[in-house]
Amino acid sequence: MNGRLRNVIVPLFAMLVFLLLWEALVWVNDWPNYKMASPSDLWPAYVRYWELFLVMGWQTLWRTVVGLLLAVIVGIAIGMVMGFSRTMRDALYPLLVGFNAVPKATVVPIVALMFVGAHDFNTVLIAFMISFFPIAVSVSIGLSTLEPEYRDILRSLGASQTTIFWKIALPKTLPEFFGALKVSVTLAFIGTNLMEIVSPHGRGLGALFDSGKTNSDYPLMFAVLIALALLGIVLYYIVVGLEKIFAGWAERTPS
Amino acid sequence: MTALIEIKGVRHAYPTAAGPLPVLDGLELSVEEGGFCAVVGPSGCGKSTLTRLIAGLMRPDEGEVWLHGERVRGPRSTVGMAFQNPVLLEWRSILKNVMLPLEIVPNGLKGEAAKERARHLLSLVGLEGFEDKRPSELSGGMRQRASLCRALVHQPEVLILDEPFGALDAFTREDLWQTMHELKAKEPFTGVLITHDLRESIFLGDQVVVLSGRPARTQYVMNIDRSAPANLEELYTTEAAERLTILRHQIEIAQGRVPEEVAS
Ligand SMILES: Nc1ncnc2c1ncn2[C@@H]1O[C@H](COP(=O)(O)OP(=O)(O)OP(=O)(O)O)[C@@H](O)[C@H]1O
Ligand SMILES: [Mg+2]
């Protein structure tokens, strides 16, 4: 089988098997809808609410992406500061760890109260807060573990710190950065949904889930879960694609 | 003749948690233009520190470092460096790696001329046909060859080599010694080579400097006449054996295993 086709068919097949097993599990146990909906129950939900799914899906998507972009910018900035200065690393690290350790589920209602009504802002903020940590840490580690010889090669020629950053430090950190971005993209997505579910009159797939809950529309809830999973997969693979483009060199070709 | 590299009474200490660690104390070194100075000394005595001083990457606490009649106060683009770790950039092809210094130094060759220069050097070290390969596709010896090309591409006055062959197997190392001689014949440079291999020091250097244990001072200087073209057979003559005996003895003194009085 040709490689590319195989890369598509194998995961699709796995997904199909998963859906079939799920269907069979519900069928064999004869579970009612409110215990566990089966894939065949989801279809009507999608047909009925497809417009809502598109609108809400878009809401969730753009807020996740904006939150993630913010996390990338701030994360890289913090990572650079910590990567280049020992003092800053010692100073900021405990703060960051503490910040990251606070369960975001507790921050969500606080943020929701702090900026009442600013739903988009709140959602983006939570997506950002939950996802910048891995990026900051990976960039700082990537920069601070740069072997001194790399720096010396350029520094001995009179290169400035900025040149060293662009020519060596940044590209060398990219593999770590993308590793972190893969974690962050999922985290940002979780952040967005947390806020959407918790906020009253929220928007996005999280809000759709919440309305399914209030209306006891169990198939809708499951349908949202699946839609979230799909969106998560898409986002993740976009990052993988970017990684291939910008840090593909780090992948050793098997020889 | 004036010396191209001149180091006078250099003292240096690193600040550490346990107070200053003196690394160099009373270091003297003088290398003539076109000369090649091999520096040997006990492990951790301050050899790499010496290279960083010559490259202008740091300034000594005391004493002077002169390059071409100018006091070294900071990095200068007339220096080329290579280390034990070839530190090639994995995201660049071999050719682009070699061209790196040309992107940094002022008035470096650009465009096609830069490529031509890099290709020429690569062919000198026997890496023709590997220009478009990634560093990970090359063997350790080949990577070190590429790293040498990168150190020479901008035609530096001074080539600083810090144990560049230290991690290679014996055969590859001897190959690279020959390559060094070929390069020297075609690319004029003044060199300082840090090594822990005494055979390497007498085969490549026209001057071998033995440093004492830390804090390092210049303990012994041996001059070697290099009029005849180098040949590996040289290493098996009685003359070479005598030189090695002397140097080995000096190293033992530097390591503190033999008291100095007994030696002299
Ligand atoms: N930046 C630094 N700060 C503190 N101590 C240092 C620093 N760099 C080197 N040293 C110490 O100074 C001493 C000399 O270091 P240097 O690297 O110059 O030795 P070397 O002769 O090159 O050693 P080797 O044979 O291992 O290459 C060592 O004991 C080392 O631990
Ligand atoms: Mg060293």
Side-chain angles (χ1 to χ4, degrees), chain A residues 76 79 83-87 89-91 138-139 141-181 239-255, chain B residues 48-49 51-58 67 72-93 96-108 133-138 146-148 150-151 153-164 167:
Chain A
I76 290 181
F84 282 130
S85 153
R86 254 213 88 113
T87 322
R89 183 157 64 246
D90 293 344
S138 75
V139 170
I141 289 179
L143 293 181
S144 61
T145 54
L146 184 71
E147 292 97 322
E149 288 102 329
Y150 281 97
R151 220 166 278 220
D152 287 351
I153 285 280
L154 287 195
R155 228 159 58 81
S156 64
L157 297 170
S160 65
Q161 284 292 341
T162 331
T163 312
I164 294 174
F165 178 75
W166 285 111
K167 293 238 183 245
I168 294 189
L170 179 76
K172 208 165 160 37
T173 310
L174 280 181
E176 278 106 343
F177 167 76
F178 276 106
L181 196 60
V239 174
V240 170
L242 290 175
E243 180 183 29
K244 275 231 162 69
I245 295 172
F246 291 108
W249 51 266
E251 207 173 286
R252 294 284 156 97
T253 35
S255 51
Chain B
S48 297
T49 307
T51 64
R52 295 170 58 78
L53 289 175
I54 301 174
L57 290 171
M58 47 188 252
L67 265 192
V72 174
R73 294 175 194 280
R76 31 168 62 218
S77 50
T78 55
V79 165
M81 291 186 101
F83 309 97
Q84 175 165 349
N85 178 352
V87 290
L88 298 173
L89 312 183
E90 204 48 58
W91 56 94
R92 286 175 172 237
S93 67
K96 287 262 169 63
N97 261 290
V98 173
M99 284 160 65
L100 179 70
L102 297 175
E103 299 164 22
I104 312 289
V105 300
N107 330 313
K133 295 256 188 279
R134 296 281 166 156
S136 59
E137 296 175 277
L138 268 58
S147 152
L148 280 175
R150 179 181 58 191
V153 75
H154 54 299
Q155 297 184 291
E157 281 178 345
V158 178
L159 180 67
I160 301 172
L161 305 173
D162 193 350
E163 302 193 23

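Values below: every heavy atom of this structure, side chains too, minus hydrogens, waters and symmetry copies. Please read these numbers as outputs of a predicted model, since none were measured by experiment. Protein chains get the first letters and strands the later ones, always in sequence-line order, with residue 1 at the start of each.
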Chain B heavy atoms under 4.5 Å from A:Ile168: which part of the residue, side chain, backbone, both or neither?
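Both parts, backbone and side chain.
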
Checking A:Ser156 against chain B: side chain, backbone, both or neither under 4.5 Å from a heavy atom?
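Both parts, backbone and side chain.
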
Short question: side chain of B:Glu90, backbone of A:Trp249 - any donor-acceptor pair under 3.5 Å?
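Judged by distance alone, no pair lies under 3.5 Å.
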
Between B:Arg134 and chain A, with a heavy-atom cut-off of 4.5 Å, which part of the residue counts as in contact: side chain, backbone, both or neither?
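The answer is the side chain of B:Arg134.
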
Is chain A contacted by the side chain of B:Leu100, its backbone, both, or neither, given a heavy-atom distance below 4.5 Å?
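Side chain only.
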
What option among A:Gly158, A:Pro171, A:Ser160 has the most heavy-atom pairs under 4.5 Å with chain B?
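Most heavy-atom pairs within the cutoff with chain B belong to A:Pro171.
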
Distance only, no hydrogens: is a donor on one side chain within 3.5 Å (strictly under) of an acceptor on the other, for B:Ser48 and B:Thr51?
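Note: B:Ser48 and B:Thr51 side chains miss the donor-acceptor criterion.
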
Look at the aromatic rings of A:Phe178 and A:Phe246 and report parallel, tilted or perpendicular, splitting at 30° and 60°.
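It falls in the parallel class, under 30°.
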
In terms of heavy-atom pairs under 4.5 Å with chain A, which of B:Leu89, B:Val79, B:Thr78 leads?
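Result: the option with the highest number of such pairs is B:Leu89.
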
SB check A:Glu149 B:Arg150 (cutoff 4.0 Å):
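Salt bridge: no.
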
Side-chain touch B:His154/B:Ile104, heavy atoms, less than 4.5 angstrom
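Result no, sub-4.5 Å side-chain heavy-atom pair not found.
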
